[in-house]
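In this text the structure is predicted, and so the values were computed from the model without any measurement.
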Number of protein chains: 2
Amino acid sequence: MDEFMQAAIDEARQGRKEGGIPIGSVLMRNGEIVSRGHNKRVQELDPIAHGEMDALRNAGRQRTYRDTVLYTTLMPCFMCAGTIVQFKIPKVIVGEARTFGESKEFLESHGVEVVILDLDECVDMMQEFIEAEPTLWNEDIMEL
Amino acid sequence: MDEFMQAAIDEARQGRKEGGIPIGSVLMRNGEIVSRGHNKRVQELDPIAHGEMDALRNAGRQRTYRDTVLYTTLMPCFMCAGTIVQFKIPKVIVGEARTFGESKEFLESHGVEVVILDLDECVDMMQEFIEAEPTLWNEDIMEL
């Protein structure tokens, strides 16, 4: 696994340690990390702070995202997928799409390249969380 | 104009006064304002803080959005439209879609009712801003 997905996984694990939802993301440009983030729904009482959104917020104002790649441990939801399309991020590298995610077709139809690594480590992390905190997970994906 | 769109316009005007982008939103439930917000890209150096996102963030954690209506002065971008779909907000009332916006079909294809009021007041507010601050506007819609 490359250092960017590893950093996204580290972010996810940090989020779980904080009592939050274990999803992490990294924005990369030219082989360097621009910003990193993790889901902060619980920590900041913020429903829009998914891992991808937190990383993009932490990147601050950027002139363009056309030269960036977004790494994320889980397949983006429609909020995050819409953001990727709007921000014109050309490529997303996803840890896994087994436990969640239906935005691949939407992303691809808008020209975003989607690479799914299908990492057992990411699947295990989500499965452990979903079993331990089903209500919190369903709140985050608006399935309550 | 009803009080909710008026509050969204007030938010937009407040944002412009702060040196920001004049787009405002209100989340309504049962005839009451749950939360309100406006674009804060400039004020908070936050590219995800569109008016709709700021209102949803200010609402904090909600059990459901199925009984809410989102009012916004401008047609949502794909970030905000994806968020509306993900959060299962059933109805969006839009001030105007003349100066921006291509998400109507996406929203409707996901079952969201979209009502466009086409208010001259909202169009004038955006046109004044876009003429005065074209670079900032293009940054916000990722067209730099």
Ranking B:Ile84, B:Asn138, B:Leu45, B:Ile48 by heavy-atom pairs under 4.5 Å to chain A gives rank one to B:Ile48

Lys/Arg N to Asp/Glu carboxylate O, A:Lys40 vs A:Asp54, below 4.0 Å
yes

Of B:Tyr65, B:Phe78, B:Phe106, the largest count of non-hydrogen pairs under 4.5 angstrom with chain A goes to B:Phe78

Salt-bridge test for A:Arg13 and A:Glu121: reply yes if a basic N is under 4.0 Å from a carboxylate O, no otherwise.
yes

Side chains of A:Asp67 and A:Asn30, donor plus acceptor under 3.5 Å
no

Find the distance between CE (B:Met5) and SG (B:Cys122) and round it off to the nearest 0.5 Å.
6.0 Å

Which answer fits B:His50, side chain, backbone, both or neither, if we ask what part of it has an atom under 4.5 Å from a heavy atom of chain A?
neither

Go through B:Ala59, B:Cys77, B:Ala81 and name the one with the most non-hydrogen pairs under 4.5 angstrom from chain A.
B:Cys77

Between A:Glu139, A:His110, A:Gln62, which shows the greatest number of heavy-atom pairs under 4.5 Å with chain B?
A:Glu139

Strictly distance-based, threshold 3.5 Å: is any side-chain N or O of A:Ser25 a donor or acceptor partner for the main-chain N or O of A:Thr72?
no

